[in-house]
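Beneath this line is the structure, given in structure tokens, with notes to follow.
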Amino acid sequence: CCYESILMIKRTNSFPVLLETMQPYLSEIVGFNPETWLADDSNVCLTDEKGNLSLFEYNSKGIYTGHYFFVVRGKAALKLAKEFLDFLFENYEVELIRGLTPLEKLGARWMNRQLGFTSYGVVKTIVGPCELVILTRKEYENELALRR
């Protein structure tokens, strides 16, 4: 029923792994070519090897845009998202993660708040209005301290 934290988070560049999870969402994502994205070593794709992915797209030194694609939901997804963030911040020189979440994705917006992201309001995008959220390394470290 629930995600077990004993699973290993790891980076993957496997197109079949990415496609298996993302296939249902690809029609909604504008301008995303999975093969090209994976071929760029600056980007980071994390997996738990159970069909859950977290993509961190490199924007500039220390700045990434994050995307989650989970098969688990609710508390299990939240726990897994925290583990993905832990892995990213512990293994990469990340100073800031930003996200653009469509307003109708209420679950994802709830998760952003639970993960410690700060909302910077609604912005217009090519896919419609999205909430801009940001998590800095300092904010992440503060959240991590509260968990311990």
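- Side chains of Leu115 and Leu135 form no contact here, defined as non-hydrogen atoms less than 4.5 Å apart.
- In this structure, Leu53 and Cys45 approach most closely via the heavy-atom pair CD2-SG, 3.9 Å.
- Put simply, the side chain of Asn43 never gets that close to the backbone of Leu38: no donor and acceptor are under 3.5 Å apart.
- Annotation: the span from Leu46 atom CG to Lys10 atom NZ amounts to 11.5 Å, rounded to 0.5 Å.
- Taking the side-chain contact (heavy atoms from CB on, under 4.5 Å) definition, one finds that Ser42 meets it with Asp40, Tyr58, sequence neighbours left out.
- The CG atom of Leu144 lies 7.0 Å from the CD atom of Glu90; values are rounded to the nearest 0.5 Å.
- Side-chain contact between Glu57 and Phe32: absent, with no pair of heavy atoms (C-beta onward) separated by less than 4.5 Å.
- Between atom OG1 of residue Thr47 and atom CZ of residue Phe84 there is a gap of 6.0 Å, rounded to the nearest 0.5 Å.
- Residue pairs meeting the ring-ring contact (aromatic ring centres under 6.0 Å, His included) criterion with at least one partner in residues 123-148, sequence neighbours excluded, are Phe89-Tyr140.
- Across all non-hydrogen atoms, the minimal contact from Val72 to Leu80 is CG2-CD2, 4.1 Å.
- Rounded to the nearest 0.5 angstrom, His67 NE2 and Ile29 CD1 are separated by 8.0 Å.
- Using a 4.5 Å heavy-atom cutoff, the side chains of Leu55 and Met22 are in contact.
- Under 4.0 Å is where a charged nitrogen must lie from a carboxylate oxygen, and between Glu143 and Arg147 no such pair does.
- Contact between Ile97 and Gly66 at its shortest, heavy atoms only, is CG2-N, 3.9 Å.
- For the residue pair Lys50 and Val71, the shortest heavy atom distance occurs at O-CG2, 3.5 Å.
- Formation of a donor-acceptor pair under 3.5 Å by the Ser54 side chain with backbone atoms of Tyr68 is not found in this model.
- Listed by chain and number, the residues in a ring-ring contact (aromatic ring centres under 6.0 Å, His included) with Phe15 amount to none (sequence neighbours excluded).
- Nearest heavy-atom pair, Leu103 versus Cys130, reported as atom, atom and distance to 0.1 Å: CD2-C, 4.1 Å.
- Annotation for Ile134: hydrophobic cluster partners, listed by chain and number, are Ile63, Leu96, Leu100, Tyr120, Val123, Leu132 (ILVMFWY side-chain heavy atoms under 4.5 Å, direct or chained).
- For residues 102-115, every residue pair satisfying the side-chain hydrogen bond (donor to acceptor under 3.5 Å, both in side chains) rule, not counting sequence neighbours, is listed here: Glu28-Lys105, Thr101-Asn112, Arg109-Glu131.
- In this structure the side chain of Leu85 reaches within 4.5 angstrom of the side chain of Phe56, judged on heavy atoms.
- For Ala77 against Met111, the heavy-atom pair with the smallest separation is CB-CE, 3.5 Å.
- A distance of 11.5 Å separates CG of Leu88 from CD of Glu93, quoted to the nearest 0.5 Å.
- Under the 4.5 Å side-chain criterion, counting only non-hydrogen atoms from C-beta, Leu19 is in contact with Leu26.
- With sequence neighbours left out, the side-chain hydrogen bond (donor to acceptor under 3.5 Å, both in side chains) criterion links Arg73 to no other residue.
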